[in-house]
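What's counted below: heavy atoms across the whole structure, side chains too, no hydrogens, waters or symmetry copies.
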Amino acid sequence: MAEVLVYVDHVDGAVRKPTLELLTLARRIGEPVAVHLGPGADTAAAVLAEHGAVKVLAADAPEFADYLVAPKVDALQAAYEAVTPAAVLVPSSAEGKEIAARLAVRVGSGIITDAVDVEAGDEGPVATQSVFAAAFTTKSRVTKGTPIITVKPNSAPVEAAPAAGTVEQLAVTVADGSKGTKVVSRTPRESSGRPELTEAAIVVSGGRGVGGAENFPIVEGLADSLGAAVGASRAAVDAGWYPHTNQVGQTGKSVSPQLYIAAGISGAIQHRAGMQTSKTIVAINKDAEAPIFELVDYGVVGDLFEVVPQLTEEVKSRKG
C-alpha cells in the first residue's frame, strides 16, 4: 500500500489533535508516515503509533526554531523525496498552509487547501471543500504531481489504530536561502484555560447583540460551562469588545466544531464563511429575520441576556 506523509503539528512533542485527525484520513488512502520536526519525537512517537503511523521520520535542528517556515519546508521536501508518497496531508493552520504551498511549488505538484474531508478515488485522493464563502461544497482532486492537501481541524474523528510507529532519523540539509528571515523574539500567549479556537469541539461566539465588552462574560460563562472556546464576530472585534485572535469569519479564523453557538450574531456572509461547516449550529437572536437562522439546526428567538444565562445554569445543573 502506498505511503502518505502526515506533517505533525506539536508543541515540544505534545501532538495536537488536528494531526491525529490527519492520521485517520491518511489511513483511508494509504499507510501514514508521520514527519516530526523539532524536539520531542520520542515522546510523540508513541501517540502517533497509537493512531496509525507505521513510521515516524524525525529531524531536529536549531533552524526550525530560529527561522520562519522555510527550513521546515526543506525537511518536508527531504521526507517527500525519501518516501515518494501518494499524498501529503498538512493541518490547515496559517503555518501549515504556507509550508504546504511552498512544498507544492518546489515539487511541482497541485495543492488543495482547507479540505473538510479526504477519501480514496479511482484516480487519486478526492478532497471535499466548502467554497465561495461556504455557499457551495465541492469535490476536487489534484491532476498534476503528488496531491498536497491541507485539512481543517475537526474534519475527521480521532481513531486509535495501533501501528509500528518506528522512529527513523531524517537527514535534512537547510539551504542558505531558507535563512532569509530570522526569528528575533517570542512572546508567550496568555492562556485562557479554554480550548484552542480552531480545534475546539464546541465554540460559543458573541456578536453585536452582546452590546459591549462588559457583557462578554455572559458568553464566556456559557462557553466555560460547556468546556468550549470563545469566538466573536467581526462587528464585536472591530468595536474592540474582544481580541482579533478570537474572530470567526472570512477575515478571521475558520472553525468547524461539533457544536457552534452564535449569540447575538446576525449572520453576515463573512461570518458564515468561517463557521458554516460546523456540524450542529445553534443561534440565539431576538431578530426572527436574522440571516443566521437560514443555516441553523436550532434557533432561539429571544433576548440573549435572558436566554444565555438560563442555558448556562441548565448546563451546570445537568453536569452537577
Quick one: side chains of residues 114-124, donor-acceptor pairs under 3.5 Å with protein atoms, not counting sequence neighbours, listed by atom name and distance.
{"residue": "D114", "atom": "OD1", "partner": "S92", "partner atom": "OG", "Å": "3.0"}
{"residue": "D114", "atom": "OD1", "partner": "K97", "partner atom": "NZ", "Å": "3.3"}
{"residue": "D114", "atom": "OD2", "partner": "K97", "partner atom": "NZ", "Å": "3.4"}
{"residue": "D117", "atom": "OD1", "partner": "R28", "partner atom": "NH1", "Å": "2.6"}
{"residue": "E119", "atom": "OE2", "partner": "K139", "partner atom": "NZ", "Å": "3.1"}
{"residue": "E123", "atom": "OE1", "partner": "R141", "partner atom": "NH2", "Å": "3.2"}

ask   = Can you list the residues that meet the salt bridge (charged side-chain N to carboxylate O under 4.0 Å, His left out) rule with K152, with sequence neighbours excluded?
value = none
ask   = Does a side-chain heavy-atom distance below 4.5 Å link K55 with E31?
value = no
message = Closer than 4.0 angstrom, basic N to acidic O: yes or no for K72 and E63?
response = no
query = When you check the gap from the basic side-chain N to the acidic O, do R106 and D74 get nearer than 4.0 Å?
reply = yes
ask   = Taking atom types as modelled, is there a side-chain donor on S130 or Q276 under 3.5 Å from an acceptor on the other?
value = no
query = At what distance, to the nearest 0.5 angstrom, does CD of E21 lie from NE2 of H51?
reply = 10.5 Å
ask   = Given side chains that start at C-beta, do those of I148 and I112 come closer than 4.5 Å, heavy atoms only?
value = no
query = Can you check whether T137 reaches T128 side chain to side chain, under 4.5 Å on heavy atoms?
reply = yes
message = In the structure I gave you, are the side-chain heavy atoms of Q247 and S233 within less than 4.5 Å of one another anywhere?
response = no
remark   = Which of D224, L259, L226 passes side chain to side chain contact (heavy atoms under 4.5 Å, CB included) with V204? Answer is L226
query = Does S256 use its side chain to pair, donor to acceptor, with the backbone of T277 at less than 3.5 Å?
reply = yes
query = How close do Y80 and V88 get, heavy atom to heavy atom, and via which atoms?
reply = CD1-CG2, 4.1 Å
inquiry  = For the CD1 atom of I149 and the CG atom of L25, what is their distance to the nearest 0.5 Å?
reply    = 9.0 Å
inquiry  = Tell me the closest heavy-atom pair linking A59 and L170, and the distance in Å.
reply    = CB-O, 3.6 Å
key: Nearest-0.5 Å distance that lies between atom CD1 in I284 and atom CD1 in I265   = 10.0 Å
key: Main-chain N/O of L37 paired with H10 side-chain donor or acceptor, under 3.5 Å   = yes
ask   = So with a 6.0 Å cut-off around CD of E289, is the heavy-atom count from everything else above 12?
value = no
task = Could you tell me which non-hydrogen atom of A58 sits nearest to which non-hydrogen atom of V167, and how far apart they are?
result = CB-CG1, 4.2 Å
inquiry  = Please give me the minimum heavy-atom distance between A229 and A223, naming the atom from each residue.
reply    = O-CB, 4.1 Å
message = To the closest 0.5 Å, what do you measure between OG (S109) and NZ (K144)?
response = 8.5 Å
key: Q77 CD to S178 OG distance, which is reported to the nearest 0.5 Å   = 9.0 Å
request  = Report the C-alpha distance between V83 and L57 in whole Å, list the side-chain angles of each, state the deciding distance to 0.1 Å, and finish with yes or no for side chain to side chain contact (heavy atoms under 4.5 Å, CB included).
outcome  = CA-CA 10 Å; V83 170; L57 300 180; 3.8 Å; yes
query = Just checking, any donor-acceptor pair under 3.5 angstrom between side chains of N154 and K17?
reply = yes
Shortest non-hydrogen contact from P257 toward V203 = CG-CG2, 3.9 Å
query = Is there a path from V151 to V15 through hydrophobic residues (I, L, V, M, F, W, Y) whose side chains come within less than 4.5 Å of each other?
reply = yes
request  = Start with the C-alpha gap between K286 and D303, add the side-chain angles, then the distance that decides, and say whether salt bridge (Lys or Arg N to Asp or Glu O under 4.0 Å) holds.
outcome  = CA-CA 5 Å; K286 63 183 180 182; D303 188 339; 5.8 Å; no
note = Value for CD1 (I202) from CD1 (I261), rounded to nearest 0.5 Å, stands at 7.0 Å
task = Go through V142 and I111 one step at a time and tell me if the side chain to side chain contact (heavy atoms under 4.5 Å, CB included) criterion holds.
result = CA-CA 7 Å; V142 170; I111 181 172; over 6 Å; no
task = Before giving the answer on salt bridge (Lys or Arg N to Asp or Glu O under 4.0 Å), spell out for K253 and E196 the whole-Å C-alpha distance, their side-chain angles and the decisive distance to 0.1 Å.
result = CA-CA 11 Å; K253 293 181 178 178; E196 169 64 30; 3.7 Å; yes
Cation-pi geometry met for K182 and Y67 (6.0 Å, 45°) = yes
key: Hphob cluster co-occupancy, I292 + V210, side-chain heavy atoms under 4.5 angstrom   = no
task = Decide if atom CZ of R208 counts as having more than 12 heavy atoms of other residues, nucleotides or ligands within a radius under 6.0 Å.
result = no
message = Is the shortest side-chain heavy-atom distance between V4 and P32 below 4.5 Å?
response = no
ask   = If we only count heavy atoms from C-beta on, is the Y260 to V248 side-chain gap below 4.5 Å?
value = yes
key: Side chains of T280 and Y298 in contact at under 4.5 Å (non-hydrogen atoms)   = yes
inquiry  = Please find the pair of heavy atoms, one from P71 and one from F64, that lie closest to each other, and give the distance.
reply    = O-CE2, 3.5 Å
query = Is R27 close to E159 at the side-chain level, that is, under 4.5 Å between some pair of heavy atoms?
reply = yes
